[in-house]
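Here is the structure we will look at.
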Amino acid sequence: MRLFAHPFVLLYILPVLGALLIILWLGKRLARHYTNRLFGREAYTKLTRPLGQVSRLKNTCLAGAVCFVLLALAGPQWGIEITEAQGNFAQTVIAVDVSSSMRAQDLKPDRLANAKQMLQMLVSHLKENRIGIIAFTSQAFIQCPITTDTSALDYFITSLQPDMLPVPGTSLSAPVTLAAQMLARYPGQKALILLTDGEDHTPQELAAAQKAAQENGIRIIAVGIGTPQGALIPAQTDPNGQVTEYKKDKNGKTVVSKLDEASLTALAQATGGVYISYTSAAQVARQIEAAMAGLDKSTSSTGAHAVYQNRYVIPLVLALLCLTGYLLWPQRTSKKVQ
């Protein structure tokens with residue numbers, strides 16, 4: 001516990017008191033000099049002798065006022081109160097395809113590496129968004145609940161890997177349905193950023209997912225990762241990272257993964273969103289930010305915090321009392337000046 005919020009202010013007490021004493025001493029010296037010149041050698045002593053005690057009390061009050069003001073500025077604090085911080089945030093979920101097709105190298109070094117680089121850049125700019133992360137293949141799983149913690153988001157983005165989930169295939173309806181569940185509690189327009197090559201092994205389920213997104217006010221921003229020409233999917237690599245084998249289907253044919261832009265465009269347009277073809281991390285991040293403009297914000301808690309109660313009022317009141325005493329203390333004398 002810190003007894004003072006700004007303890008460095010206490011360092012000024014002695015210098016300020018020293019400066020005050022010097023000013024009072026110089027003032028007294030000048031007053032003595034000019035009084036004696038005008039009215040005689042002992043005039044100042046005779047005039048101020050009955051006021052000596054009063055002057056000392058008034059100066060003490062002035063010094064006390066200065067000390068208590070500095071103590072108030074130092075922010076004395078004790079006792080703890082729990083406060084809940086709140087803010088206005090737009091709500092966004094990021095869904096990332098982690099199927100084996102994201103190993104394809106039509107984007108160097110591969111599709112998923114490009115997606116992760118872009119997301120790290122994007123998240124660092126979305127300060128007014130609460131963001132959650134979904135990883136999906138044929139099923140979708142929450143990797144990071146909706147949060148404002150950019151460090152946590154960066155960690156989960158970094159940890160995304162192809163085939164990290166125990167289920168193969170790709171389904172676009174799975175992440176859309178899960179995102180709708182995550183965002184249903186929030187009012188207004190929300191966003192789902194969907195990063196995938198667009199290959200969908202369960203297209204018959206997509207209509208229901210689109211309806212769930214529409215009913216929950218979710219705008220889908222689909223980002224196509226890959227090229228229409230496609231690329232082979234690495235299955236094995238040697239210790240130097242060179243591909244030694246490519247993925248084959250059940251018939252033994254080498255699989256070529258191609259970007260399906262038509263499916264992603266239709267999905268995005270059905271929810272009032274946009275389709276973005278991946279070019280570079282910086283450019284796509286800017287396009288996503290522009291597409292997210294106009295999302296509704298809602299007030300939500302960012303967490304409870306324990307804070308010390310500031311007690312500056314106590315020394316401030318004492319400072320006012322001292323200053324009042326200095327200004328209003330009567331300068332009466334008990335004896336007539338001879």
Side-chain angles (χ1 to χ4, degrees), residues 87-99 102 112 115-116 118-160 164-165 170-196 198 200 205-206 208-225 264 267-276 278 284-285 287-298 300-302:
N88 290 324
F89 301 97
Q91 324 301 328
T92 304
V93 168
I94 297 171
V96 185
D97 186 348
V98 292
S99 63
M102 295 298 282
L112 187 57
K116 290 163 63 173
M118 186 277 296
L119 287 177
Q120 288 174 318
M121 189 177 299
L122 177 67
V123 166
S124 67
H125 288 87
L126 297 180
K127 301 299 185 182
E128 296 184 352
N129 285 259
R130 301 180 80 241
I131 301 172
I133 297 176
I134 293 173
F136 73 93
T137 52
S138 60
Q139 298 180 31
F141 299 88
I142 297 174
Q143 298 301 299
C144 181
I146 295 176
T147 181
T148 57
D149 188 343
T150 55
S151 297
L153 293 168
D154 186 70
Y155 169 79
F156 284 106
I157 290 171
T158 303
S159 66
L160 294 171
M164 63 182 289
L165 301 181
T170 305
S171 170
L172 297 183
S173 63
V176 175
T177 302
L178 181 56
Q181 295 172 3
M182 294 172 67
L183 294 169
R185 56 181 289 200
Y186 301 103
Q189 187 79 43
K190 288 87 68 173
L192 166 61
I193 302 171
L194 183 65
L195 292 98
T196 178
D200 190 357
E205 300 175 1
L206 196 55
Q210 287 179 357
K211 184 178 179 181
Q214 292 166 346
E215 290 176 348
N216 288 282
I218 299 173
R219 182 192 305 170
I220 296 179
I221 302 170
V223 180
I225 306 289
L264 294 177
L267 176 60
Q269 291 178 347
T271 59
V274 295
Y275 169 73
I276 299 172
Y278 188 90
V284 173
Q287 289 177 280
I288 293 175
E289 286 186 66
M292 292 176 64
L295 293 181
D296 294 321
K297 295 182 179 181
S298 60
S300 54
S301 172
T302 59

Residue pair Phe136, Thr196: steps toward the side-chain contact (heavy atoms from CB on, under 4.5 Å) verdict: CA-CA 9 Å; Phe136 73 93; Thr196 178; 3.9 Å; yes

Partners passing salt bridge (charged side-chain N to carboxylate O under 4.0 Å, His left out) against Glu128 (at least two apart in sequence or in another chain): Lys297

Side-chain heavy atoms of Ile131 within contact of Ile94, under 4.5 Å: yes

Whether Lys190 side chain and Ile218 backbone form a donor-acceptor pair below 3.5 Å: no

Pairwise side-chain hydrogen bond (donor to acceptor under 3.5 Å, both in side chains) hits with a residue in residues 211-222, at least two apart: none

Residue pair Asp97, Thr170: steps toward the side-chain contact (heavy atoms from CB on, under 4.5 Å) verdict: CA-CA 8 Å; Asp97 186 348; Thr170 305; 3.7 Å; yes

Rounded distance (nearest 0.5 Å) linking atom CG of Leu122 with atom CG of Leu195: 9.0 Å

Candidate pair Met102 and Leu160, rule side-chain contact (heavy atoms from CB on, under 4.5 Å), full reasoning: CA-CA 11 Å; Met102 295 298 282; Leu160 294 171; over 6 Å; no

Rounded distance (nearest 0.5 Å) linking atom CD1 of Ile288 with atom CE of Met118: 4.0 Å

Minimum side-chain heavy-atom gap Gln287-Val274 below 4.5 Å: no

Backbone N/O of Ala174 and side chain of Thr177: donor-acceptor pair under 3.5 Å: no

Non-neighbouring partners of Thr137 that pass side chain to side chain donor-acceptor pair (under 3.5 Å), sequence neighbours left out: none

Pairwise distance CG(Asn129) to OG1(Thr148) - rounded to 0.5 angstrom: 10.5 Å

Ile142 and Leu178: CA distance, side-chain angles, deciding distance, side-chain contact (heavy atoms from CB on, under 4.5 Å) verdict: CA-CA 8 Å; Ile142 297 174; Leu178 181 56; 3.8 Å; yes

